[in-house]
Every structure is written in C-alpha cells, then in structure tokens.
Amino acid sequence: MLGSFTIEGIPTAALGSRKERTLAKLLTLARGRPVSAETVIDALWGDRPPARPHDQLTVLVSRLRSVVGGERLVREPGGYRLVISWLDLDAMVELVGDAERRLRENRPVAARAAAQAAIALAGPLLPDELDAPWTQADRGLASRVQGRAYVAASEAALAAGEPAAAIEHAEQALVHDPFDEVALRAVMRAQGVAGRPGACWRPTPG
C-alpha cells in the first residue's frame, strides 16, 4: 500500500481493470473486515453507478476471486472480506511503536534498528488514489506514523552520539508535518548537541 499497491505472488497486471484493482485496494485497506456492497459501489462508481451496480460488482468480485483465490475473498452477511496475511502500513505502525518503546527502555541501538526498518517501508499511501475518500483516514495515519519513525530514529541517533544523523532524521519528520512540535524539538535538541543552537530549519518549497 505504501508507494505502490502489490499483492505478493500476484502480478499487478493479473488484477485486471482499474475497477478490479480499486476493489482489491479497498478490501485490503479494510484489514480483513467486511466491506458492504453499498460502500464498494460508492467507491467504484461514486454518483454515477451503472444501471445494475450489484450485478456489476458481482462480476468484479468473481474476477478478483479467480486471481486471489476463493478462500481469500469471501462473501459474508456484512459484505465482502479479503483475508490478508501482512500489510506494510500495519507493519510500519508496529515497528514505530517498538522503536518508541525501546527508547523508553533506554535501548537506543535496538530503537534505531526498529525505526530504520519502519523508514524502509515508508512511502505515500496509494499515490494513484489521492482523491479517494476511503483512503483519507489511513493516508493521515501513514503520514503521522512516518513522521514518528523519523523522530524515533533522530532520538536514537542522538543517544548514539550522532547529532548530524539526528538532525537529518528530525528534518525528514518535519517534511511530513512542518508544524510537528515533537519533530521541531528533536531538531533543536540535535542542533544544540551539534553546537548549532541558532540554526533554523525551513521546509523546502514545493
């Protein structure tokens, strides 16, 4: 979901049309929870549904089921549910939480490793679905968590006596949110340790 949408072991082209791919993304982002047919129809067609939207949806579901497997895409009373084994967004959230916990335990080396692993997963959530209303909550979550990953990496680097790396990581957090006070304090702490207390960070235009 972060950077691009892929399903392990399934070529992207096998997902078929854009609507089939959108259906797969929507169900994946639900994290194993059922999504009602009405919600799916609204996401796929908005205010211009086809004459028989439920029939069209049934066809799309059948096509997607033939790709991912009937045991993974199931119909339930609450709607359609896609069984997923791993999601990069959830993995990043877990890694950031782990990094923050290790910092509280005064284990900066382990914290930095977890933060770096989270950063390696980072990327924009479904960049080809920027305007889709059903992505917005998780898009905000992804941005916040990526900012926290950089702050954790900054604090761990500072604890390791690497203020230059700490500044770089904290500034990356500010790229995600220029008004993040936690990230700004991290930049200022790192600059103070580096002997640059008067330095001022400004976001890159554009």
Side-chain angles (χ1 to χ4, degrees), residues 1-100 114-150 175-177:
M1 305 295 278
L2 299 173
S4 62
F5 178 73
T6 58
I7 300 177
E8 185 176 358
I10 298 177
T12 301
L15 294 175
S17 68
R18 175 173 173 77
K19 281 189 169 49
E20 288 174 60
R21 295 194 301 273
T22 300
L23 173 62
K25 295 171 189 176
L26 176 64
L27 296 180
T28 299
L29 207 55
R31 298 173 176 82
R33 299 185 299 271
V35 181
S36 70
E38 289 70 23
T39 297
V40 177
I41 289 168
D42 183 64
L44 294 180
W45 288 286
D47 57 0
R48 300 182 65 183
R52 302 175 67 180
H54 286 273
D55 290 349
Q56 293 293 324
L57 177 56
T58 299
V59 172
L60 290 175
V61 169
S62 178
R63 290 174 180 170
L64 183 58
R65 183 178 284 129
S66 70
V67 175
V68 302
E71 74 286 357
R72 286 192 172 272
L73 178 50
V74 296
R75 181 77 165 91
E76 297 183 345
Y80 296 97
R81 181 170 66 88
L82 183 64
V83 179
I84 60 175
S85 303
W86 183 87
L87 186 67
D88 52 5
L89 176 57
D90 291 344
M92 185 175 65
V93 170
E94 184 176 347
L95 284 165
V96 170
D98 192 26
E100 293 170 341
Q116 293 284 16
I119 290 169
L121 292 174
L125 178 81
L126 296 176
D128 53 347
E129 301 284 356
L130 285 176
D131 298 325
W134 50 272
T135 68
Q136 299 311 306
D138 283 298
R139 191 175 305 283
L141 170 65
S143 181
R144 291 191 300 273
V145 172
Q146 289 176 43
R148 286 169 51 198
Y150 282 111
V175 168
H176 283 277
D177 182 0

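Since the structure is predicted, the reported quantities are computational estimates derived from the model, not experimental observations.
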Provide the closest heavy-atom pair for [X] versus [Y] in the form atom of the first, atom of the second, distance.
X	Y	answer
Val67	Ala14	CG2-O, 3.3 Å
Gly123	Gln146	O-NE2, 2.8 Å
Val35	Ala30	CG2-CB, 3.5 Å
Pro50	Gln56	CG-CG, 3.7 Å
Ala43	Leu26	CB-CD2, 3.8 Å
Pro127	Gly3	CG-O, 3.3 Å

[X] side, atom [atom1]; [Y] side, atom [atom2] - distance, nearest 0.5 Å:
X	Y	atom1	atom2	result
Ser62	Leu57	OG	CG	11.0 Å
Met92	Ile119	CE	CD1	10.0 Å
Leu126	Thr28	CG	OG1	9.0 Å

Test your reading of the model: is there a side-chain donor-acceptor pair from [X] to the backbone of [Y], 3.5 Å cut-off?
X	Y	answer
Asp88	Leu2	yes
Thr22	Arg18	yes
Arg72	Val83	yes
Arg65	Arg63	no
Arg139	Leu125	yes

Sole candidate of Lys25, Arg21, Gln136 that passes side chain to side chain contact (heavy atoms under 4.5 Å, CB included) when paired with Glu129:
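The side chain to side chain contact (heavy atoms under 4.5 Å, CB included) with Glu129 is passed solely by Lys25 among Lys25, Arg21, Gln136.
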
Quick one: are [X] and [Y] in side-chain contact, heavy atoms under 4.5 Å?
X	Y	answer
Ile7	Leu15	yes
Tyr150	Val175	no
Leu60	Leu44	yes
Leu29	Phe5	no

